[in-house]
Amino acid sequence: MSRSILLKNALMLVTMDASRREIAGGWVLIRGQQVQQVGNPDDPLPAADEIMDMSGHVVMPGLVNTHHHMYQTLTRVVPAAQDVSLFGWLRTLYPIWARLTPEMIRVSTRTAMAELLLSGCTTSSDHLYLFPNGSRLDDQIEAAATMGMRFHAARGAMSVGESKGGLPPDSLVEDEDAILHDMQRVVEAYHDPSRLAMQRIVLAPCSPFSVSRDLMRETAHLARATGTRLHTHLAENASDIAYSRDAFGMTPAEYAEDTGWLGPDVWHAHCVRLDHAGIERFGRTGTGIAHCPCSNMRLGSGIAPVRRMMAHGVNVGLGVDGSASNDSSHMLAEARQAMLVSRLRDDGDDTAMMGARTALELATRGGAAVLGRDDIGHLSPGMAADVVAFDLRGIDHAGAQVDPVAALVFCTPRAAALSIINGQVVVRDGHLLTCDTGQLAERHNHLARALLNGDDPA
């Protein structure tokens, strides 16, 4: 019989279910890989192999990260890239990233996942779009399998270098036939379409300014033939818009439509500068968006009109984005920034400010919808056993017990005290169980120095 875990006496159990129930003193029973029961404090407590007292904790579904570049944990706070916008930031970092090795991909993946797991994230996508020095998506997938995180690995690509009018250096682009061949290979080798899958593959050309229109179209055909999802960057800042108009004579949304990149199996990162017609297109077609507020602020890209997007029926999730444009992989902090930055937009409606619960919904149900998952994002019988808990008994939440759910977002973002993924305890008492973070950080820092200085990483 499958092992069972009972989480009882929650300060607040946030289900994020269809009724958005919040149950003071509630409990949740996990059996095997799934949630079996959710109960009120007056309901009889079921027996379980392990019982955990969640007094003082907010218990909720695991957070879902819809956009990341995990390799960038190796290039946080690079001085020359600290105070520049997107295109200048990329041109500064491309030559450094050209020195990435397979070990660097593996170690940076584990580092980024460790940080995400400790922040309450249980499912993450990652957009890996450059493969220098023999690196492959396989390196990332193999590293991710050791961490216990539910993972959507995006096989990204760049094919249009500077000599052909693109942004990346020619040394970092790939042949398009080789890209499509490798996309097919990794889907066949690693993609699991089943419910409760721990690993899926996404097809993800990097951006309109680094791949051709043909590759975008061919990738869309391949994804639909293989039942995989599509992901790319779109409408990130004013330079991105200008490139689209100059190169294609279209707005980013028009370009997405022209290349087959609209639909319920597609999500785009950022969309800060998506125009009103584009928002309507996205809502009408079920196209999703990964909202990355920290990165958008860090690079001066602007504030995505998330409330307007949601009003038009667009699926919106949260993404921490790369750790060279966020310098953090903390999902709860991202939810907080999403809430706060939404309040700076002047959309002519003071009642449209994003609340704490909406921010948490983007980080759970919203992310699940964007990734096309019907098995994560809320707690109810039959859902994946992805549950996290935050301890609110510390000094940083003193005085905030009147609304512990809002306190998660308004107050200092906490590390997760507990994380259960697929029925397995991955974080217990705030400690990550799937790796030695001290040893990992030591090796990561060694590799980061070698990457930045161009040294032998051995």
Side-chain angles (χ1 to χ4, degrees), residues 3-16 22-30 35 38-39 41 45 48-65 112-124 147-150 320 328-336 356-357 359-360 363-364 376-379 384-438 440-441:
R3 187 172 182 274
S4 58
I5 301 173
L6 175 66
L7 308 179
K8 67 174 187 176
N9 297 334
L11 173 65
M12 189 66 70
L13 175 61
V14 181
T15 67
M16 284 291 172
E22 297 175 4
I23 308 171
W27 53 266
V28 57
L29 177 66
I30 292 166
V35 173
V38 173
L45 286 175
D49 297 315
E50 182 175 4
I51 299 175
M52 300 183 190
D53 189 341
M54 292 288 102
S55 297
H57 292 68
V58 173
V59 177
M60 64 181 293
L63 308 182
V64 180
N65 177 34
M113 285 192 167
E115 192 173 10
L116 286 167
L117 289 163
L118 289 167
S119 77
C121 181
T122 56
T123 299
S124 183
M147 299 300 292
M149 173 171 274
R150 207 175 293 276
V320 298
S328 171
S329 305
H330 197 298
M331 271 298 293
L332 196 57
E334 203 70 35
R336 184 174 191 268
R357 286 167 172 80
L360 289 175
T364 51
I376 62 173
H378 67 273
L379 301 180
D386 292 3
V387 187
V388 295
F390 296 91
D391 188 347
L392 269 59
R393 293 173 294 185
I395 195 70
D396 44 3
H397 289 90
Q401 305 300 309
V402 64
D403 188 347
V405 180
L408 273 182
V409 185
F410 276 98
C411 298
T412 302
R414 290 283 293 166
L418 174 72
S419 178
I420 299 173
I421 304 175
N422 207 39
Q424 301 296 314
V425 178
V426 176
V427 174
R428 188 187 293 269
D429 298 327
H431 298 289
L432 182 61
L433 305 183
T434 52
C435 78
D436 183 322
T437 55
L440 177 60

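All values below come from the heavy atoms of this structure, side chains included, with hydrogens, waters and symmetry mates left out.
Here CG of Leu332 is found 12.5 Å from CG of Leu118. Values are rounded to the nearest 0.5 Å. Atom CG of Leu13 sits about 9.5 Å away from atom CD of Glu22, to the nearest 0.5 Å. Distance check: Cys411 SG to Ile395 CD1 gives 11.5 Å after rounding to the nearest 0.5 Å. Note that CG of Leu360 and CG of Leu408 are 6.0 Å apart. Values are rounded to the nearest 0.5 Å. Distance check: Leu29 CG to Leu45 CG gives 10.0 Å after rounding to the nearest 0.5 Å. Residue Ile51 holds its CD1 atom at 5.5 Å from NZ of Lys8, rounded to the nearest 0.5 Å.
Across all their heavy atoms, Ala24 and Met12 have their closest contact at N-SD, 3.4 Å. The minimum heavy-atom distance linking Val409 with Ala359 is given by the pair CG1-CB, 4.4 Å. Between Thr434 and Met147 the shortest heavy-atom distance is OG1-O, 3.1 Å. When all heavy atoms of Val14 and Leu379 are compared, the closest pair comes out as O-CD1, 4.0 Å.
Using modelled atom types, one side-chain atom of Asp53 and one backbone atom of Ser55 make a donor-acceptor pair closer than 3.5 Å. Although no hydrogens or angles enter the test, the distance criterion places a donor-acceptor pair under 3.5 Å between the side chain of Arg336 and the main chain of Phe410. Asn422 contributes no side-chain N or O that, together with a main-chain N or O of Gln424, makes up a donor-acceptor pair within less than 3.5 Å. Not a single donor-acceptor pair under 3.5 Å links the side chain of Ser419 to the backbone N or O of Val426.
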Give the table of side-chain donor-acceptor pairs shorter than 3.5 Å for residues 396-403, with sequence neighbours excluded, one pair per line with atom names and distance.
unit_1, atom_1, unit_2, atom_2, d
Asp396, OD2, Arg414, NH1, 3.4
Gln401, NE2, Leu392, O, 3.0
Gln401, NE2, His397, O, 3.3
Asp403, OD1, Arg357, NH2, 2.8
Asp403, OD1, Val405, N, 3.4
Asp403, OD1, Ala406, N, 3.2
Asp403, OD2, Arg357, NH1, 3.2

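Listed by chain and number, the residues in a side chain to side chain donor-acceptor pair (under 3.5 Å) with Ser328 amount to none (sequence neighbours excluded).
Two residues are said to be in side-chain contact when any heavy atoms from C-beta on lie closer than 4.5 Å; Glu115 and Val320 fail this criterion.
Checked against Thr15 for a side chain to side chain contact (heavy atoms under 4.5 Å, CB included), the options Thr364, Val59, Val38 give a single hit: Val38. For the side chain to side chain contact (heavy atoms under 4.5 Å, CB included) with Thr122, the qualifying choice from Asn65, Asp386, Leu116, Leu117 is Asp386, the only one to do so.
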